[in-house]
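Since the structure comes first, as structure tokens, the remarks are kept for the end.
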Amino acid sequence: MSEDHVKDSTQIEVIKPQLRKVDLNLLTIFDAVMQEQNITRAAHSLGMSQPAVSNALARLKVMFNDELFVRYGRGIQPTARAHQLFGSVRQALQLVQNELPGSGFEPITSERIFNLCVCSPIDNFLTSVIYNNVEKIAPNIHLVFKSSLNQNTEHQLRYQELEFVIGYDEFHRPEFSCVPLFKDEMVMVASKSHPRIMGPLRESDIYGEQHAVVSLERYASFSLPWYDTPDKQASVAYQGMALTSVLNVVSQTHLIAIAPRWLAEEFAEKLQLQILPLPLKLNSRTCYLSWHEAAGRDKGHQWMEELLVSVCSR
């Protein structure tokens, strides 16, 4: 018998007894507590009593030799070790769940809720496209949309409070999956009555004008990439909460703005706007579909991912 075969057999014999000693039901409880971050709510979602969940957590602490959860206000907070375990545990549970009888995802009959963030200004056209396509294919599925990122977005994706994000910002952490959907051309927009803008400008002229922008203080502001230095920020005269309000202000003033071409063209006639090439290095932005890899094994999640890629690519 070869040395490698003996080594492999030894490894198998070590692994099997360890698994036999583990109550794998504890992992489903760990998963629920991680998602809820509250023992009472986790117990309710599992159909268990609160003491039973607390007892399971005590056993998990012994199993992993870590507290896993610590008291935080009225709830609990996962430790670093719990965060480390969550992705692997969730993927393993979903792999098993996918193979169980009756576990297939049927979009026609499913009543699942999907939470999506379609970031502004892309929400102006993609929200209706997504909503109408899902309603046509899977009328019982319920979609919940929001239009802005915040500092908790990564947390919400990790614990599947939010399943997908569609926007210009790419998540760079290795546990997030991002696929490009399309690239948007960016243009400069001004009122047709603007006294100085009669045609294309040079790059040196852009920041000599006063600008209207989406608030630079907003998390992941659409406008921020073009105003990343104090000198550029000095040109800002108006900060709005949405790009549509920015374009409305531009139409009534001598301010200029940077916007996607499709949005500028949508409002150009109504607001009497002129659309000009953007003579800056950053004159296009890629839109991404993003999700946390821990959700990627779920069949319903896979179905929605394929649909979003199909209907949002252009």
Side-chain angles (χ1 to χ4, degrees), residues 116-133 135 143 145-149 165-169 180-203 205-228 232-233 235-289 308 311-314:
L116 297 88
C117 178
V118 184
C119 300
S120 179
I122 299 169
D123 64 319
N124 279 275
F125 77 93
L126 274 189
T127 299
S128 57
V129 170
I130 295 167
Y131 183 90
N132 291 335
N133 275 274
E135 186 178 49
L143 300 178
F145 292 93
K146 72 172 191 174
S147 64
S148 61
L149 298 173
V165 169
I166 298 175
Y168 294 127
D169 291 278
L181 296 174
F182 53 82
K183 182 175 285 189
D184 271 337
E185 178 191 358
M186 299 295 152
V187 295
M188 195 191 76
V189 184
S191 166
K192 285 186 176 180
S193 62
H194 197 294
R196 291 177 301 281
I197 298 179
M198 308 298 180
L201 297 181
R202 296 168 301 178
E203 181 175 351
D205 298 324
I206 293 292
Y207 295 104
E209 295 291 333
Q210 290 192 306
H211 292 229
V213 303
V214 176
S215 176
L216 303 181
E217 296 177 355
R218 294 194 70 178
Y219 186 82
S221 163
F222 165 81
S223 298
L224 188 59
W226 291 280
Y227 305 92
D228 56 352
K232 293 175 182 177
Q233 291 171 11
S235 68
V236 174
Y238 169 77
Q239 299 192 47
M241 296 306 290
L243 198 50
T244 50
S245 63
V246 168
L247 295 181
N248 189 58
V249 169
V250 165
S251 72
Q252 302 173 62
T253 64
H254 295 157
L255 303 180
I256 66 172
I258 296 170
R261 178 176 285 280
W262 60 264
L263 186 66
E265 290 178 343
E266 181 179 337
F267 288 93
E269 184 176 351
K270 178 182 177 182
L271 297 179
Q272 291 297 291
L273 298 170
Q274 55 176 314
I275 301 171
L276 302 166
L278 184 63
L280 300 176
K281 185 176 180 180
L282 181 61
N283 57 17
S284 67
R285 294 187 70 179
T286 300
C287 177
Y288 297 93
L289 173 66
L308 291 174
V311 305
C312 297
S313 300
R314 60 178 192 181

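A quick note: this is a predicted structure, and the numbers were derived from the prediction, not measured. Scope of the values below: all heavy atoms of this structure, side chains included, with no hydrogens, waters or symmetry mates. The residues of the chain are indexed from 1 along the displayed sequence.
- In terms of heavy-atom proximity, Leu181 sits nearest to Leu308 at CD2-O, 4.5 Å.
- A 4.5 Å side-chain heavy-atom check between Val213 and Trp226 finds every atom pair outside the cut-off.
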All N/O donor-acceptor pairs, side-chain side in residues 252-260, below 3.5 Å, sequence neighbours left out:
from   : atom 1 : to     : atom 2 : distance (Å)
Gln252 : NE2    : Asn248 : O      : 3.2
Thr253 : OG1    : Val249 : O      : 2.9
Thr253 : OG1    : Leu255 : N      : 3.2

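- When atom types are taken as modelled, the side chain of Ser221 and the backbone of Ser215 share a donor-acceptor pair closer than 3.5 angstrom.
- Closest heavy-atom contact between Ala220 and Asp169: CB-OD2, 3.6 Å.
- Pro121 pairs with exactly one of Leu126, Leu243, Val246, Thr244 by the side chain to side chain contact (heavy atoms under 4.5 Å, CB included) rule, that one being Leu243.
- Annotation: the span from Leu224 atom CG to Lys232 atom NZ amounts to 10.5 Å, rounded to 0.5 Å.
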Verdict with supporting geometry, Ile122 and Cys287, side chain to side chain contact (heavy atoms under 4.5 Å, CB included): CA-CA 9 Å; Ile122 299 169; Cys287 177; 3.6 Å; yes
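- Annotation for Val214 and Ser223: closest pair N-OG, 2.9 Å, computed over non-hydrogen atoms.
- Separating the OG atom in Ser128 from the CG atom in Asp123 is a distance of 9.5 Å, to the nearest 0.5 Å.
- Minimum heavy-atom separation, Val189 to Val250: O-CG1, 3.8 Å.
- One N or O on the side chain of Gln274 and one on the backbone of Ile197 form a donor-acceptor pair closer than 3.5 Å.
- Separation of atoms CD (Glu217) and CD (Gln239) is listed at 6.0 Å; rounding is to 0.5 Å.
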Derivation and outcome, side chain to side chain contact (heavy atoms under 4.5 Å, CB included), residues Leu282 and Met186: CA-CA 8 Å; Leu282 181 61; Met186 299 295 152; over 6 Å; no
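- The minimum heavy-atom distance linking Val129 with Val311 is given by the pair CG1-O, 3.7 Å.
- Here the straight-line distance linking atom OG of Ser191 with atom CG of Leu273 works out to 7.0 Å at 0.5 Å rounding.
- At distances below 3.5 Å, not a single donor-acceptor pair connects side-chain atoms of Trp262 with backbone N or O atoms of Asp184.
- With hydrogens and angles disregarded, no donor-acceptor distance shorter than 3.5 Å links the side chain of Arg202 to the backbone of Pro279.
- Between the side chain of Arg285 and the backbone N or O of Phe222, at least one donor-acceptor pair lies under 3.5 Å.
- To the nearest 0.5 angstrom, Asn283 atom CG is 13.5 Å from Met188 atom CE.
- Considering all non-hydrogen atoms of both residues, Tyr131 and Leu143 come closest at CA-CD1, 4.0 Å.
- Atom CG of Leu276 and atom CE of Met198 lie 11.5 Å apart (nearest 0.5 Å).
- Judged purely by atom type and a 3.5 angstrom limit, His211 uses its side chain to pair as donor or acceptor with the backbone of Ile206.
- Ring planes of Phe125 and Phe182: tilted class, angle from 30 to 60°.
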